[in-house]
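Keep in mind it's a predicted model, so treat the numbers as computed, not measured. Just the heavy atoms: all of them, side chains too, but no hydrogens, waters or symmetry mates, feed the values below. So that the names make sense, note that chain A is the first sequence line, chain B the second, and so on, each numbered from 1.
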Number of protein chains: 2
Amino acid sequence: MSLRHALLALLTVERMTGYDLSKAFQASVSHVWHAPDSQIYPELRRMEADGLLVGTEVPWGPRGMKREYHVTEAGRGAFRAWMNEPLSYTRERDPAHLKAAYLEWAEPDAARAQLRAHIANFEEQRTEWLEKVREIDTGTSTMLEKRLAHAPASEHAAIRAYKRYTYEGLIARAEHEIQWAERGLTLIDELNRTDAPPPA
Amino acid sequence: MSLRHALLALLTVERMTGYDLSKAFQASVSHVWHAPDSQIYPELRRMEADGLLVGTEVPWGPRGMKREYHVTEAGRGAFRAWMNEPLSYTRERDPAHLKAAYLEWAEPDAARAQLRAHIANFEEQRTEWLEKVREIDTGTSTMLEKRLAHAPASEHAAIRAYKRYTYEGLIARAEHEIQWAERGLTLIDELNRTDAPPPA
DNA sequence: GCTAACTATCTATGGGGATAGATAGCTGAC
DNA sequence: GTCAGCTATCTATCCCCATAGATAGTTAGC
């Protein structure tokens, strides 16, 4: 149930519509959290019912209407409470490593293709996160700059540092996954080099 | 839907009951995959209905009965097909990193406690996986030795190597998470050292 | 003025997993 | 002989999430 907390996190910056939030999920926190709009809209309704948010209808063009949400004191409190709570760690469930353990069942080429896909996937993530770090450093992250504008100057360093710390961790993890898959490619080659013994 | 494939993977070694499988999930592949028995039993029934398994009632004690499943050729084929298929990568959903990005909202002590819990969690995993690698190397992994006994000698090296490769990757990942959390602890200390400026 | 692309919201369905709990037989220790 | 702890299986509920699709208004360019 941290969709709720991810939404609260974004709404502590400024009032937004469900649509804004679904866009923000794609841009700002994509690959840390993701949710389709079909989950966001009902969750916002529930959060309003629980008193965490207040939604107000605002005109949009001549005839259209949209619903903007802002966080209440209760919502802010709930987010702070969650941030102070310990996290419960769920058991891993990792298809990539599950498959890796049984790679002898796959054709060597299929195995290679999968490891290459693993690499491609994490290289893409790595690129995105490097870009986020760049945005943090250059002050071109819209959400972060808005957040800083509403926060006392004494907290700016911490806010920036924690964001950077998070993305750096994700980058390092992506690099680990890339290296792991590359070792796997080497291993497949070694195991399929039947015609020649390893060099002495 | 890889619970099905995880079950197939285990059942390619030998016939087992739902209970055996639920135990094997805790022992052999815990932390790569996990499932409670309440998911395993119905899934086994479905797999039997789909022709992947055949279940036979065998007596257990004077009056008891248990149901042992073994993989059919279709089941073996389905597993091999899955192993040759590319994996679809789902977007990340990572509560620990989500929270890390907003650590300024937490009390410093609460933040420290969470990072310490992160470390403890991955140290525990690391210990378990190191033990698995040891079992692979010393030939004391029951499942692996059974698997090897049913496989041609020419494949033994590959089977052992892929298992080792998988666990080594998980160990490295756990170590990465530990290092990341340790850097976080340092960061919290730095940001809360208000009374003294950083040394020149 | 029309069309394409974007903004905005909602409903429906199904799968999978977490959690809880019910039932029943077996085994070994005291 | 009985009780604790293990083996064995099944059902039910709730929540979350993924996917698909329906609807409608807006904006900007041609």
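In this structure, the CZ atom of B:F25 is 18 Å from the P atom of D:dT7, given to the nearest Å. The distance between atom CG of A:D20 and atom C1' of C:dT9, rounded to the nearest whole Å, is 13 Å. Look at CD on A:E57: it is 12 Å from P on C:dA8, rounded to the nearest Å. As rounded to whole Å, 9 Å separates atom P of C:dC6 from atom NZ of A:K23. Between the P atom of C:dA8 and the CD atom of A:E68 lies a distance of 9 Å, rounded to the nearest Å.
Between B:Y165 and A:W180, the angle of the ring planes stays under 30°, which puts this pair in the parallel group of the 30/60° scheme. Taking the six-membered ring for Trp and thresholds of 30 and 60 degrees, B:Y89 and A:F122 have ring planes more than 60 degrees apart, a perpendicular arrangement.
At C:dT7, one or more side-chain N or O atoms of A:Y19 fall inside 4.0 Å of OP1 or OP2 (strictly under the cut-off). In terms of phosphate contacts, A:Y41 brings no side-chain nitrogen or oxygen within less than 4.0 Å of OP1 or OP2 of C:dC10. An OP1 or OP2 oxygen of C:dC10 is reached within less than 4.0 angstrom by no side-chain nitrogen or oxygen of A:R67.
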With B for base contact, S for sugar-phosphate-only contact and - for none (protein heavy atoms under 4.0 Å), nucleotides 16-26 of chain C reads SBBBB----BS
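With A:T12 as the partner, the side-chain hydrogen bond (donor to acceptor under 3.5 Å, both in side chains) test is satisfied by one option alone out of A:R76, A:R147, A:H70: A:R147. When each of B:I178, B:L185, B:L187 is tested with B:L115 by the rule side-chain contact (heavy atoms from CB on, under 4.5 Å), just one qualifies, namely B:L185.
At a threshold of 4.0 Å, the pair B:K99-B:D94 does not count as salt-bridged, since none of the basic side-chain nitrogens sits closer than that to a carboxylate oxygen.
Under the rule for a salt bridge (charged side-chain N to carboxylate O under 4.0 Å, His left out), the partners of B:R46 that lie at least two apart in sequence or sit in another chain are B:E43.
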